[in-house]
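The model shown is predicted, which means the values in this text are computed figures rather than measured ones. Residue numbers start at 1 and run along the sequence shown.
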Amino acid sequence: KSVYRAIAKDFKLAKGKVKKNVHPSEKTIALEITVPDLFETGGTAKIGYVFGYKSKKLRIVNIVWGKGVTENVDGKDVIDMANLLRTHFLKKRYKEKSLVANAQLSDTSTLIFRGRDKSDRMILLMLTIQGKQEGQTKEQAINNTTLLLSYIFNPDKPDIRNISIKDDEF
């Protein structure tokens, strides 16, 4: 209820505009909203509030910009948002051992920032730029960009349904 109230207060959205989803395997519940201009740059954002499987408490907040959020993506705007957030987070105090910036994970994915604060909560900022497809211009390819910002309350103890198969079950 407090998250619904916060959404109404912060984004002026009625409860009916909030989508509720249950993750099929983790059985976590997520509330999802779309915000046209969360910041001056970045474009439309989708915000997800994820609640733990057992605790039913808010565990993760995800914000996504770019491909998958809106039809008309300005890839340069999304990249500007990534740079703005990285610069902001690098000014904050995060544990040195957990700090990562601009780590290339694959041809398409970059870990823009990862850090843990003094309470061990994690900030994770990932940028994915799909490769240029045949027939696409460089500008069209850059518009296939997605930026994910995650705030994770306790990354070492995810509150999800854990299904395991014991060795003697098969």
Side-chain angles (χ1 to χ4, degrees), residues 2-3 6-7 10-11 19 21-35 37-70 73-132 141-164:
S2 63
V3 174
I7 290 169
D10 294 346
F11 303 110
K19 291 182 189 173
N21 300 308
V22 177
H23 191 280
S25 60
E26 295 177 359
K27 298 300 180 192
T28 54
I29 295 172
L31 301 179
E32 186 180 284
I33 61 171
T34 302
V35 180
D37 295 305
L38 184 60
F39 293 104
E40 290 181 28
T41 190
T44 300
K46 195 174 279 188
I47 305 173
Y49 302 86
V50 182
F51 298 85
Y53 168 63
K54 288 184 180 178
S55 70
K56 306 295 185 219
K57 292 182 179 181
L58 184 62
R59 308 287 296 168
I60 300 171
V61 177
N62 291 319
I63 305 174
V64 181
W65 291 269
K67 187 176 179 178
V69 175
T70 184
V73 176
D74 182 342
K76 291 178 184 175
D77 222 19
V78 175
I79 292 168
D80 287 345
M81 187 75 228
N83 290 326
L84 178 75
L85 288 168
R86 180 197 56 235
T87 300
H88 172 76
F89 293 137
L90 285 172
K91 291 178 186 175
K92 303 292 181 184
R93 292 182 185 217
Y94 289 93
K95 293 179 179 180
E96 195 66 36
K97 284 183 179 181
S98 70
L99 200 58
V100 177
N102 299 325
Q104 192 73 36
L105 302 177
S106 70
D107 291 344
T108 59
S109 295
T110 304
L111 179 57
I112 300 295
F113 180 87
R114 184 192 69 203
R116 289 184 186 221
D117 65 15
K118 62 185 178 193
S119 298
D120 240 9
R121 296 171 296 218
M122 182 184 285
I123 293 285
L124 184 67
L125 186 62
M126 292 276 302
L127 183 69
T128 304
I129 302 174
Q130 296 301 317
K132 185 177 167 187
I142 205 151
N143 290 339
N144 286 328
T145 299
T146 304
L147 178 64
L148 168 66
L149 171 62
S150 291
Y151 175 81
I152 307 165
F153 177 73
N154 191 342
D156 295 326
K157 294 182 182 175
D159 184 1
I160 61 174
R161 181 176 75 163
N162 191 2
I163 300 173
S164 61

>> For the CG atom of Asp107 and the OG1 atom of Thr128, what is their distance to the nearest 0.5 Å?
In response: 12.0 Å
> Pick one: which of Leu105, Leu147, Val64 meets side-chain contact (heavy atoms from CB on, under 4.5 Å) with Met126?
Replying inline: Leu105
> Is it true that atom NZ of Lys19 has more than 12 heavy atoms of other residues, nucleotides or ligands lying nearer than 6.0 Å?
Replying inline: no
> Does any pair with a residue in residues 88-104 pass salt bridge (Lys or Arg N to Asp or Glu O under 4.0 Å), and if so which ones, sequence neighbours excluded?
Replying inline: Lys95-Asp120
> Where is the tightest heavy-atom contact between Gln130 and Thr108, given as atom of each residue plus distance?
Replying inline: CA-CG2, 4.3 Å
> Looking only at heavy atoms, which two atoms of Phe11 and Ile33 are closest? And how far apart?
Replying inline: CD1-CD1, 3.5 Å
>> Test your reading of the model: is there a side-chain donor-acceptor pair from Thr145 to the backbone of Ile142, 3.5 Å cut-off?
In response: yes
> How far apart are the closest heavy atoms of Leu127 and Ala82, and which atoms are they?
Replying inline: CD1-CB, 4.4 Å
> Is Tyr94 atom OH crowded by more than 12 heavy atoms from other residues, nucleotides or ligands, each under 6.0 Å away?
Replying inline: yes
> So, for Ser25 and Arg161, which heavy atoms are closest and what is the spacing to 0.1 Å?
Replying inline: O-NE, 3.1 Å
> In Å and rounded to the nearest 0.5 Å, what is the OG1 to CG distance from Thr110 to Leu125?
Replying inline: 10.5 Å
Under 3.5 Å, sequence neighbours excluded: what are the donor-acceptor pairs made by side chains of residues 73-81?
{"from": "Asp74", "atom 1": "OD1", "to": "Lys76", "atom 2": "N", "distance (Å)": "3.2"}
{"from": "Asp74", "atom 1": "OD1", "to": "Asp77", "atom 2": "N", "distance (Å)": "3.3"}
{"from": "Asp77", "atom 1": "OD1", "to": "Thr41", "atom 2": "OG1", "distance (Å)": "2.6"}
{"from": "Asp77", "atom 1": "OD2", "to": "Gly42", "atom 2": "N", "distance (Å)": "3.3"}

> Looking at side-chain heavy atoms only, is the closest gap between Thr28 and Arg59 below 4.5 Å?
Replying inline: no
>> Just to verify, what does Phe89 make a ring pair (Phe, Tyr, Trp, His ring centres under 6.0 Å) with, not counting sequence neighbours?
In response: Phe113
>> For the CG atom of Leu149 and the CD1 atom of Ile47, what is their distance to the nearest 0.5 Å?
In response: 10.0 Å
>> Would you say that Asn102 contacts Ile112 through its side chain, given a criterion of any heavy-atom pair below 4.5 Å between the two side chains?
In response: yes
>> I need the Trp65 CH2 to Leu148 CG distance, nearest 0.5 Å.
In response: 8.5 Å
> CE of Met122 to CD1 of Ile152: how many Å apart, nearest 0.5 Å?
Replying inline: 5.5 Å
>> Run Phe39 and Ile63 through side-chain contact (heavy atoms from CB on, under 4.5 Å) and show every step you take.
In response: CA-CA 12 Å; Phe39 293 104; Ile63 305 174; 5.6 Å; no
> Under the side chain to side chain donor-acceptor pair (under 3.5 Å) rule, what pairs show up with a residue in residues 43-56, not counting sequence neighbours?
Replying inline: Ser55-Asp159
> How would you list all residue pairs meeting side chain to side chain donor-acceptor pair (under 3.5 Å) that involve residues 147-156, not counting sequence neighbours?
Replying inline: Asn62-Ser150, Arg116-Asp156, Arg121-Tyr151
> Which residues pass the side chain to side chain contact (heavy atoms under 4.5 Å, CB included) test with Ala30, sequence neighbours left out?
Replying inline: Val50
>> Set out, in order, the CA-CA distance, both residues' side-chain angles and the distance that settles side-chain contact (heavy atoms from CB on, under 4.5 Å) for Leu111 and Leu124, then state yes or no.
In response: CA-CA 8 Å; Leu111 179 57; Leu124 184 67; 3.3 Å; yes
> Taking atom NE2 of His23 and atom CD1 of Ile29, what is their separation to the nearest 0.5 Å?
Replying inline: 13.0 Å
